[in-house]
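For reference, the structure discussed in these notes is given below.
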Amino acid sequence: MRVKKLKHAGLKKWVEEAVALMTPDSVEVCDGSRTEYVRMIKTLVKAGLATPLKARPNSYLFRSDPSDVARVESRTIIASKTEIEAGPTNHWKDPVELKATMSALYKGCMTGRSMYVIPFSMGPVGSDIAKIGIQITDSPYVVANMHIMTRVGKKVLDVLGDDGFFVPCYHSIGKPLASWDSDNGEWPCEPDVNKKFISHFPDTYEIWSYGSGYGGNALLGKKCLALRIASVLARDEGWLAEHMLILKITNPQGQVKYITGALPSACGKTNLAMLLPTLPGWKVETIGDDIAWMKFGPDGRLYAINPEAGFFGVAPGTSDHSNFNAMQSIRKNTIFTNCGLTEDGDIWWEQIGHGAPGKEIIDWKGNKKPAPQTDKSPKGEEIAHPNARFTAPARQCPCIAAEWEDPKGVPISAFLFGGRRAATIPLVNQSKSWVHGVFMGSITGSEITAAALDIKAGTVRRDPFAMLPFCGYNMGDYFGHWIKLGKKSEAEGHGDKLPKIFFVNWFRKDKDGNFMWPGYGENSRVLAWMFDRCDGKDNYVETAIGNLPKPGAIEPPPGVSAETMAQLCGLDKAGWKTEIADIRDKHYAQFGDRLPKELYAELDAIEKQLS
Ligand code: O2Y
Ligand code: MN
């Protein structure tokens, strides 16, 4: 479609302004069709950027520039009017100054390239909970990925009409081309990190991204819109935009519940969303693996949709053992980025569950190396980049729930928070109240992964609600928003319908550094306990920190002793005293008077009960 034909006057004007600023050679409004997808891929193959994979139908491998392999948190900016509105956990810049800086970068940035205008819906097209975004980009790789990750095309423009609301998203890789030139197999981006920007303007609900073509920096529907800008929209409109998986769980009696869960990177979030239960008779199905948007329905229950249409999963570590359903989801129609390429034309990565076939393999930088015999590589010599990704349609997941695209959403019974903690934090803990649950979300903490380019891996940081890099406003106010929604629901007489809140930790270690809990499918035992708690089953003991499983309430998995279970599910008083001091002095203190007093009250109450 031509820009001239756009019916929405505001959209047309916005695109025309971008064209004047960025001066592309051509402009095209994306229709989301299969033909368009194939054309993008052909363009990318011709430019030497995509390698067709012989072993997987309609699947391609990309290798990005080593400067462009992950989200860049240090260049992710919340440009609210004032710094305090962005809060202590975000990078802030003055919006007027930032727009001036970025406009200078955008000037002429698409010369020699095509501009693609992508109308996309986050959530089933037309759902009351969905939102529309329009992304302008000069990257056909981004267009192809957006086709998989969102719903793109004319149907979205039809819902938008001539005056509907949309989130405008500018994106450029920042690499203009001379008219005779091509990318010649070199991933185009701005290699200077100081010229990369992933900017959010919460006061005008706008996104401007420049310099990166990778993942969360470039597929603007995901972290930028569905979390950072959506968290602001959710605050302003009274709903929740969360970094949460959504799963459906069915017990042996056929009863169903839906649970959303927030886990920081490297805690097995995708694995949990697609879990194969070891508990006989239980079934888990997937609604979403990363983001949940939730609104209260007329019945007072909270309904969730998955705003995305695909998975942008971390490849290394994914295997038939860790996530069989993810492995099945990526057998065809999948884009792989920064994985190894085997001699037989397939992808390979560390911990895929087997060595690589043949004599040689090509690593993510394009270098030939001896094919690994096992699925491990020495640190720093990985075949696949640790943040290598697959982009696959969610509908290809064997355990996708039939209702995953229901525009009404699914009613949520429980929230689960969790982190990777070696000590103190029990296997599972239920909050005593909504505010106590918000407290649990606020103190979530975990180890860090390669998903964040610029933070040292291996250290522990607090990652409240797993939203630390994704909250579009002051995190203290965000905690307040959660408290307010609970209070409103209670005041309206729907308090009993609020989801129950739990905190899990699959990562406790014993004194020898061994994991005490086997994780993966065995986590179904914990989900089953939560399921029964939602129905009010008397399977818990009340403690200072929350409701913990009664001895024997969770049957130990094979190889886990009753003594280990007691440790996993017990209250570590000394550990919690240290934890409380750390929360008060290091974590909560940073929010100053923006930290809701209710959270300090929770902290005080736990401390008092522990003493
Ligand atoms: O590195 C990136 O750009 C991707 S980050 C990502 C992708 C999918 C799901 N979650 C995340 C994340 O960082 O939370
Ligand atoms: Mn995520």
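Start at 1 and go down the list; that is how both ligands and their atoms are numbered. No experiment lies behind these values; they were computed from the predicted model shown.
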> Are any non-hydrogen side-chain atoms of Y205 and K131 less than 4.5 angstrom apart?
Replying inline: no
>> Taking the basic N atoms (NZ, or NE/NH1/NH2) and the acidic carboxylate oxygens, is any pair closer than 4.0 Å for D290 and K269?
In response: yes
>> Name the residue from N523, D289, N323 that meets the side chain to side chain donor-acceptor pair (under 3.5 Å) definition with N271.
In response: N323
>> Only heavy atoms of K222, strictly under 4.0 Å: list the atoms of ligand 1 that pass.
In response: 7 (C), 8 (C), 9 (C)
>> When you compare the side chains of S446 and D463, does any donor N or O come within less than 3.5 Å of an acceptor on the partner?
In response: no
>> With a cutoff of 4.0 Å, is K269 in contact with ligand 1, counting heavy atoms of the residue only?
In response: no
>> So for ligand 1, is G216 a polar contact partner (N or O within less than 3.5 Å, distance only)?
In response: yes
> Among the heavy atoms of F311, does any lie under 4.0 Å from an atom of ligand 1?
Replying inline: no
> With the Mn ion (ligand 2) as the point of reference, which N/O/S atom of D290 is the closest?
Replying inline: OD1
>> Taking 2.8 Å as the cut-off, does K223 contribute an N, O or S atom near the Mn ion (ligand 2), distance below it?
In response: yes
>> Within ligand 1, which atoms have a heavy atom of G215 less than 4.0 Å away?
In response: 3 (O)
>> Test of understanding: given a 4.0 Å heavy-atom threshold, classify the contact between N387 and ligand 1 as side chain, backbone, both, or neither.
In response: side chain
> Going by heavy atoms in the side chains, are C109 and L105 under 4.5 Å from each other?
Replying inline: no
>> With a 6.0 Å cut-off on the ring centroids, do F479 and F591 count as close?
In response: yes
> Looking only at N/O atoms, are S265 and ligand 1 under 3.5 Å apart anywhere?
Replying inline: no
>> Tell me the nearest of R71, K223, H385 to atom 14 (O) of ligand 1, using heavy-atom distances.
In response: K223
> Given the rule in the side chain to side chain contact (heavy atoms under 4.5 Å, CB included) test, do W348 and I361 qualify, once you have shown the distances and angles that lead to the verdict?
Replying inline: CA-CA 9 Å; W348 187 90; I361 190 161; 3.7 Å; yes
>> Only heavy atoms of F470, strictly under 4.0 Å: list the atoms of ligand 1 that pass.
In response: 12 (C), 13 (O), 14 (O)
> Would K295 count as a cation-pi partner of Y303, with NZ or CZ less than 6.0 Å from the six-membered ring centre and within 45° of the ring normal?
Replying inline: no
>> I'd like to check which ligand 1 atoms, numbered from 1 as shown, lie under 4.0 Å from a non-hydrogen atom of H243.
In response: 14 (O)
